[in-house]
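Structure record follows, encoded as structure tokens.
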There are 2 protein chains.
Amino acid sequence: MQMDDRKKRILRAIVQDYIASAEPIGSRTIARKFDLGVSPATIRNEMSDLEELGLIEQPHTSAGRIPSDAGYRYYVDFLMDPPCLGDQEKVLIERETARRIHEIQEVINQTSKLLSQLTSLTSVIMGPQNGKSLFSKMYFLPYQPGQAIMVVVKENGVVENHIVDIGEDVEAEELQKVADVLNRKMQGHSLHDVRKSLLHEIYSELSRQRHLLDSALAMLEPIINEDDSDHDHIYLGGALNMLNQPEFRDLDKVKGLLKALEEDGRLKKLLSTEQHGLRVSIGGENRLEEFQDCSVISASLRYNGELFGVVGILGPTRMDYAKAMAIVDYTTRRLNRILRNRRGP
Amino acid sequence: MQMDDRKKRILRAIVQDYIASAEPIGSRTIARKFDLGVSPATIRNEMSDLEELGLIEQPHTSAGRIPSDAGYRYYVDFLMDPPCLGDQEKVLIERETARRIHEIQEVINQTSKLLSQLTSLTSVIMGPQNGKSLFSKMYFLPYQPGQAIMVVVKENGVVENHIVDIGEDVEAEELQKVADVLNRKMQGHSLHDVRKSLLHEIYSELSRQRHLLDSALAMLEPIINEDDSDHDHIYLGGALNMLNQPEFRDLDKVKGLLKALEEDGRLKKLLSTEQHGLRVSIGGENRLEEFQDCSVISASLRYNGELFGVVGILGPTRMDYAKAMAIVDYTTRRLNRILRNRRGP
DNA sequence: TGTTAGCACTCTCGTTAGATGAGTGCTAAC
DNA sequence: GTTAGCACTCATCTAACGAGAGTGCTAACA
């Protein structure tokens, strides 16, 4: 069986109406709402075909039809109006991302809020993966007697500060000398590497300042550990928006989904991809059980060509794909431009 | 009418049973479950008295009784077993708070998770209020051509870093000289003060390095602005736990509450207090409409005697007060001890 | 051969009516 | 002061029923 023009128009009508209303739609309603020039009976026949093709389905015998995952996929790939963005939305995105990008955290928070507001869906942002980030430099600044501020700069531009304990008799300046050696050795290596191979090399070079080195290395512990932990958090924005979707009127469903969202690991799997450009994952295309009723639109952030993070939107399978895709696309392009302007160290 | 011993025992039974079961409890059930040595009829008479005293109420005519806000208050103040903590819980708190307290953010995240896990309620943590925090020192570190890392230390021990734009021809070292002047002038002043009065004083002193100063001040902008904004975020842990409480089986109720939680301002009002020690706010005792069905147990964190933050638990009015109070109390004591050990600069 | 009208059938949803059961308040007896 | 008994109230559960929306099939039509 082929998808002729009329079938396409009918499928398009079903998907669009269902996206808007969340109600199964019947032949009669289609005939009334969309001017296809044929009677409900004809549409019924066509719908029967579409069902056989696996593009639509019936929740129960005497209800209208709703799109299947494959139906949404067909719609996104072939039938949808090309995603395009309103001017106000563009302006909003420009404005929100223009404000203070002094801290990476700031960017993430802002963007997350922005996306969920614009789409009325849940936004999902995965920051830079600590595990893979390369070390660039470290500095020590005085803090209090016995303590110092350790500032760590990574090659992806991220700057972190930690308060570390040093001996009472040690000055931050002194420590900085040790740090300089570490900087020379560690620059461009992942923290993982450091632990694996560089440590003893550094050790020998610095043997005369052994006790200082010991403490410096102890200080790096927290960062090195962070490396392994699943500590590259995922930030959710507008998780509540989900409650407004009729498909989540069932409390248990919501609970399950939110629980899955709380476990960072699940989401990370869902978002992880090396793919450039926009990615659309519809319903069952997600492998994960919990997200079978959801779709994810995501795109990657890059810094110096490296994966820096992922920005996405999570919504019910029945979502306004055109709009969501346009918004994610525009936002990530914008962020990538900003990241590019912060040239590599 | 007086609260004699039997009345107290009955009220205690009602509160405890209702906390455990979330079901209104009737005279017959009390007589069966709790061994008071009197018949249901007698208990009915006493319950009638308790209702007249405003300590219990009936959801509808033919249901059992539930505690009123005043009833909970009476229970907490006079009837409750003194809050005390199991050893496992103590150990858990010790262990979780012992791990890396290198970053204030870390402490907040950890504690938030910990509290919500231990109580199965929602934890609420308010970090240091930027607006009130006093400036201590700033440093500049090299980052990339045209940019520097600005590290700001506040008197409450918080360290922040920001990436700031500087002229292409300016070195971070050069900037540090300006910073030294700023440090001398601004130490111990709130950022608010700086804007109001110190700026022109600083200006005159540094007039020869005007262009550098201009940029340094521009850099402080983000922090100064942050000051005014409601940017001292509130961190929620286990907001989902609420969904498990039978009182929130109604989706609209949950939505309303979560919406109120999302607006930081509301919660800030709820938590703000100068009071030392444990604070219990029951149901209608909260002024805010949205939280009439909730109780909040909170306590303040202090650093050098200054209010540093607030740690609390938010749950339905029907919560296990003894347990929640014990946990909040122990946790904040522990955190305060840790903060004290990080002596003031 | 494709399209349409007609019709019987299915299934969900909202309403209504009873039956059930937990709990109360009152009265009178102990 | 305490208790047993009893009539009454009210939420909740269940079954039954009708309305409404939609389908699939058949037969007629162009």
Side-chain angles (χ1 to χ4, degrees), chain A residues 1-11 13-15 17-18 20-68 71 246-247 249-250, chain B residues 1-11 13-15 17-18 20-68 71 246-247 249-250:
Chain A
M1 201 182 322
Q2 284 295 328
M3 283 295 284
D4 59 26
D5 198 55
R6 191 167 67 191
K7 281 193 179 48
K8 287 182 188 173
R9 283 224 299 282
I10 291 178
L11 176 57
I14 294 175
V15 175
D17 189 89
Y18 187 64
S21 74
E23 298 289 334
I25 181 171
S27 54
R28 198 187 162 77
T29 321
I30 293 182
R32 217 181 329 113
K33 279 201 192 172
F34 299 82
D35 196 20
L36 298 175
V38 288
S39 78
T42 309
I43 295 178
R44 272 206 291 284
N45 289 330
E46 296 284 39
M47 283 167 93
S48 183
D49 292 350
L50 286 172
E51 183 158 13
E52 205 171 318
L53 286 166
L55 296 172
I56 58 178
E57 53 196 26
Q58 274 181 298
H60 52 260
T61 326
S62 73
R65 305 301 219 290
I66 62 174
S68 67
E247 26 270 281
R249 211 167 318 170
D250 176 21
Chain B
M1 203 180 321
Q2 284 296 327
M3 282 295 284
D4 58 27
D5 198 55
R6 193 168 65 191
K7 281 192 179 49
K8 287 182 188 174
R9 283 224 298 282
I10 292 178
L11 177 57
I14 294 175
V15 175
D17 190 88
Y18 186 64
S21 72
E23 298 290 334
I25 182 171
S27 54
R28 199 187 161 77
T29 321
I30 294 182
R32 218 180 329 113
K33 278 200 192 174
F34 300 81
D35 195 22
L36 298 174
V38 288
S39 77
T42 310
I43 294 177
R44 272 206 289 285
N45 289 331
E46 295 285 40
M47 284 167 91
S48 183
D49 291 351
L50 286 173
E51 183 158 14
E52 206 171 318
L53 287 167
L55 297 173
I56 58 178
E57 53 197 25
Q58 274 181 296
H60 51 261
T61 325
S62 74
R65 305 300 219 290
I66 62 175
S68 68
E247 26 269 281
R249 209 166 320 169
D250 176 19

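Letters A, B, ... are given to chains in the order of the sequence lines, protein chains preceding strands, and every chain is numbered from 1. These numbers were taken from a predicted model, which means no experiment stands behind them.
- Rounded to a whole Å, the CZ atom of A:Arg6 is 8 Å from the P atom of C:dT4.
- Every residue meeting the side chain to side chain donor-acceptor pair (under 3.5 Å) condition with A:Ser21, not counting sequence neighbours, appears here in chain and number order: A:Asp17.
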Report, one line per pair, each donor and acceptor closer than 3.5 Å where one atom sits in a side chain of residues 48-56 of chain A; sequence neighbours left out.
| from | atom 1 | to | atom 2 | distance (Å) |
| --- | --- | --- | --- | --- |
| A:Asp49 | OD2 | A:Lys7 | NZ | 3.3 |
| A:Glu51 | OE1 | A:Arg65 | NE | 2.9 |
| A:Glu51 | OE1 | A:Arg65 | NH2 | 2.7 |

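- The structure places CG of B:Asp4 at 9.5 Å from CZ of B:Arg9, a figure rounded to the nearest 0.5 Å.
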Just the table, please: protein N/O against nucleotides 11-15 of chain C N/O, every pair under 3.5 Å.
| from | atom 1 | to | atom 2 | distance (Å) |
| --- | --- | --- | --- | --- |
| C:dC11 | O4' | A:Ser62 | OG | 3.1 |
| C:dC11 | O2 | A:Ser62 | OG | 2.9 |

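- Residues passing the side chain to side chain donor-acceptor pair (under 3.5 Å) test with A:Lys8: none are found, sequence neighbours excluded.
- You'll find the side chain of A:Met3 reaches within 4.5 Å of the side chain of A:Leu11, heavy atoms only.
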Open item on the list: For a quick check, with a 4.0 angstrom heavy-atom cut-off, what is the B/S/- contact string for nucleotides 25-30 of chain C, read 5' to 3'?
Closed with: B-----
TODO: Under the side chain to side chain contact (heavy atoms under 4.5 Å, CB included) rule, what do A:Ile14 and A:Met47 come out as? Steps first, then yes or no, please.
DONE: CA-CA 10 Å; A:Ile14 294 175; A:Met47 283 167 93; 4.2 Å; yes
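- When the P atom of D:dA21 is taken as reference, atom CD1 of A:Ile25 falls 14 Å away, rounded to whole Å.
- Summarising the geometry, atom CD1 belonging to A:Ile30 is positioned 12.0 Å from atom OG1 belonging to A:Thr42; distances are rounded to the nearest 0.5 Å.
- One interatomic measurement links the two molecules: CD of B:Glu57 to P of C:dT24, which rounds to 14 Å at whole-angstrom precision.
- Rounded to an integer number of Å, the gap from B:Ile66 CD1 to C:dT24 P is 13 Å.
- Distance, A:Ile10 CD1 to D:dT23 P: 12 Å, rounded to whole Å.
- When all heavy atoms of B:Pro24 and B:Ile66 are compared, the pair lying nearest together is CA-CG2, 3.7 Å.
- As rounded to whole Å, 14 Å separates atom P of D:dG22 from atom OH of A:Tyr18.
- Between A:Arg28 atom CZ and C:dC7 atom P the separation is 14 Å, expressed in whole Å.
- A:Tyr18 and A:Pro67 make their closest contact through CD2-CD, 3.5 Å (heavy atoms, listed as atom of the first residue, atom of the second, distance).
- Taking a pair as Watson-Crick or G-U with both hydrogen-bonding distances under 3.5 Å, the stems of three or more pairs touching DNA chain C are C:1-30 with D:1-30.
- Here the closest non-hydrogen pair linking B:Pro40 and B:Ser27 is O-CB, 3.6 Å.
- The side chain of B:Ser39 lies closest to D:dA4, out of C:dG23, D:dA4, D:dT23.
- If you take CG of B:Asp5 and C1' of D:dG1, they are 16 Å apart, rounded to a whole angstrom.
- For the OP1/OP2 pair of D:dT23 and a distance below 4.0 Å, the side-chain nitrogens and oxygens of A:Ser27 include at least one atom meeting the criterion.
- In terms of heavy-atom proximity, A:Ala63 sits nearest to A:Gln58 at O-NE2, 3.3 Å.
- For B:Thr42 and D:dG1, the shortest distance from a side-chain N or O to OP1 or OP2 is not below 4.0 Å.
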